[in-house]
Amino acid sequence: MTTKSPPSPISVWRPIDTDTFLLGVPHYPEHVDESYWERDAERMAAAGFNVVRMAEFAWHIMEPREGVFDFDLFDRAIAVLARHGIKTILCTPTATPPRWLTLHYPEVLRVDVNGRQMSHGSRQHADTCNPVFRAHSRRITQAMADHYRDHPDIIGWQTDNELNTSESKSYSASARREFQQFLEEKYGEIGALNHAWGGDFWASGYQSFDQVVLPLDNAPVSLSPGHLQDYHRFLAFATARFQHDQVVILRQGNPDWFIFHNLGRLEDIDFRGQFSADLDFLGYDIYPMLYDEMQRTGGIGYTQALHLDVCRGHTGNFIVPEQQSGFGSQPGFATLTPEPGEMRRMAYSSVARGADGVMFFRWRPAHFGAEIYWMGILDHDDIPRRRYDEARQFAGEINAIKDKLLGTHVRMDVGIAGGDFDNQEAHKTYPMGLPSPHDDAIILHRHCYRSGIACGFIHPEDDLSKLKVLYVPHWLMWKDEWTDRIEQFARNGGTVVLSARTGSRDENNHVIRTPAPGHSLASLAGVAVEEFGLLAGVESDGLFDSARYGDSLTRVRQLPESARRRYHIKLGNHEVVAGHMYELLVPEQGTEVLGGWSNRFADGRAAVTVRTVGKGRVIYAGTYLTDALVPLLFGEIFAKADVSPLVEALPEGVEVTMRVEGDRRLLFVLNTTHVPQQVSHLPQGHELLGGETVAGALDLGPYGCAILELGAGA
Ligand code: GAL
């Protein structure tokens, strides 16, 4: 695989520029005796793999003493694999600096919020904003790049490993100095910083940049949102800078190498900035059985879909450098185990949502260390069993259809504004127990997932023309230049839905001085917010809300209905209980009221408005989404915008997506459940995994997968 042309601008519609679908595993030859290596390579080749990823935790092997490099082990491992047709992706090993480094340069260690210095023995203990650590990171990257620059079997690189996943924040002395310098470069003079952070509030201002402190929240009470916002902007800047150092060296080493990063927890990374601009594509490590959303949103299938749609929203198609294959654990937790067929189904779900490469984590489990029960494709006894068989089946199938897949993007009829670092952080600086933009987005995204509607995430700066509907989940920091883009989208026939509080703060996190949603959005939507206030959580009584404040407050139960502060919203003939926030809207002339508040003092006031703009509509919803509101509100919107499911009457647990390019249309139909499912209302197409023609209906076995290649006009 080569990605020789410079990466094209980031966009959700961008496929990876490749003719090879990467298939393989993260591999740790340093964990077994060399006598295993030949058989490993034979088995990988027999499975249809074409690549392994190596060395992300092996700095101590490649540089056993400062300045002394030894690549022998990896040279030999790469050679054995190459003899069997397997290429290698190398990683910069900076997630695990060796002990000699932390011993001689203890200032590189991260310091947590309580002042505790991280220690050797686990990983990600070094501070990526520390200049000494950056110098060592450049040294090892340079040494690896020099050693491998002409190696025919090294095809690309992963930078570090899941940057910021264990911890993104640092409170070390060097972090403070770097933060101060970042601020000085940003503001130039201290008065500008004091203005931005609101220095006259609680005497929080400074006389010089070297007085500025790192933000210790709750020490003893809350901080200025501006201070917190800039700290997270700094962390994102420092993370991108750390990676950029490595990218510059690797690109100089060999411009034909592709470079990506494998994302983990997505903390303090600005995916629309330098971080992604430096890479050819993103990688996303997907462990659907590991994430919190599984409990909150109900379901392994949905969790995976959500994570991958978020990832694709940043830069387009991606690879999965780590795809959960079996039982997984670290000492403090364990995940469920994929059932037979489920590993393959999860791999297809990744492809269905934009993966142009899948690597199963990991080739074999470790016998020692903090992940001894993180199973691989092989078991501890080195016997290939069901996971090997499924990987081989998947690889064989993908190898057969890769030319149809590569070059396609994932269809989206509904886009949810996502991937904006400032808006994500602005919420966190002042959350008030309210749903984040991401939490709010999930409610619409999950509704679409369950109904088979093609939905994903997109930034307003991206190409909106392929969408029918764009939903903006209360983005506090709206930029006026985005208004032009969404206005154009509406003029051409699109529907824009703006939600409560959008545009209500400026880039310093100051509340704007005109009625929300601010000049440009107010005139586009034809509406002004006259009053806003808090609503009870949908399930709560409205006085004390345990979801918002935790259980430490005594809750009043069994209130009479009259004492419950439940606000109703009415659309057409239907009324639902609204949640989280209300806004009382004043529509301008020419703006219609689509829905109103329908009880208590707000009765009769506008809650949802609509304005015709060109061939499209701009809707302003003065509340947050709830599970009850979404079908009501978006039922109307989707009907008018001609949004319909890819497949009607989808059985529960069956997911559908479509990958498209020109005339090519591939409909993925995946059974995420352990029981057989019959899917009807299917268009006619050729099923690529079974080789049959399908018209109308399809039977899927437990975790069964189908990809329908649709004919023109279907
Ligand atoms: C990933 C990480 C891997 C391994 C895996 C299983 O987040 O990149 O190194 O730890 O999780 O825990």
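What you are looking at is a predicted structure, and each value in this text was computed from that prediction instead of being measured. Counting starts at 1 for both ligands and their atoms, following the listed order.
At least one heavy atom of Arg123 sits less than 4.0 Å from an atom of ligand 1. Under a 4.0 angstrom heavy-atom cut-off, Gln330 registers as being in contact with ligand 1.
Close approach to Asp285 involves these atoms of ligand 1, each under 4.0 Å from a residue heavy atom: 8 (O). If you number the atoms of ligand 1 from 1 as listed, the ones under 4.0 Å from a heavy atom of Glu162 come out as 1 (C), 2 (C), 7 (O), 8 (O). Atoms of ligand 1 lying under 4.0 Å from at least one heavy atom of Phe57, given by number and element, are 9 (O). Close approach of ligand 1 to Phe361 (heavy-atom distance below 4.0 Å) involves ligand atoms 3 (C), 4 (C), 5 (C), 6 (C).
At a 3.5 angstrom cut-off on N or O pairs, Tyr28 does not count as close to ligand 1. By the 3.5 Å distance cut-off applied to N or O atoms, Trp374 is not counted among the residues near ligand 1. In terms of polar-atom proximity, defined here as any N/O pair under 3.5 Å, Asn161 does make such a contact with ligand 1.
No close placement of the Phe74 and Tyr148 rings is indicated, their centers lying 6.0 Å or farther apart.
Only side-chain heavy atoms of Glu371 come within less than 4.0 Å of ligand 1; its backbone N, CA, C and O stay farther off.
Looking at Tyr348 and Glu397, their side chains come closer than 4.5 Å, going by heavy atoms from C-beta outward. A heavy-atom distance below 4.5 Å is found between the side chains of Ile300 and Leu336. Counting heavy atoms from C-beta outward, Phe421 and Phe271 have side chains that stay 4.5 Å or more apart. Using a 4.5 Å heavy-atom cutoff, the side chains of Asp160 and Gln243 are not in contact.
One finds a salt bridge joining Asp356 and Arg659 here, because a Lys/Arg side-chain nitrogen approaches an Asp/Glu carboxylate oxygen to under 4.0 Å. A salt bridge links Asp382 to Arg43: at least one charged side-chain nitrogen sits closer than 4.0 Å to a carboxylate oxygen.
Side-chain contact of Glu56 with Tyr28: a donor-acceptor pair under 3.5 Å is present, judged by distance alone.
When hydrogens are left out, the protein atom nearest atom 5 (C) of ligand 1 is Tyr287 OH, 3.2 Å; that is the closest non-hydrogen contact. Summary of contacts: the protein heavy atom closest to atom 3 (C) of ligand 1 is Glu322 OE1, 3.3 Å.
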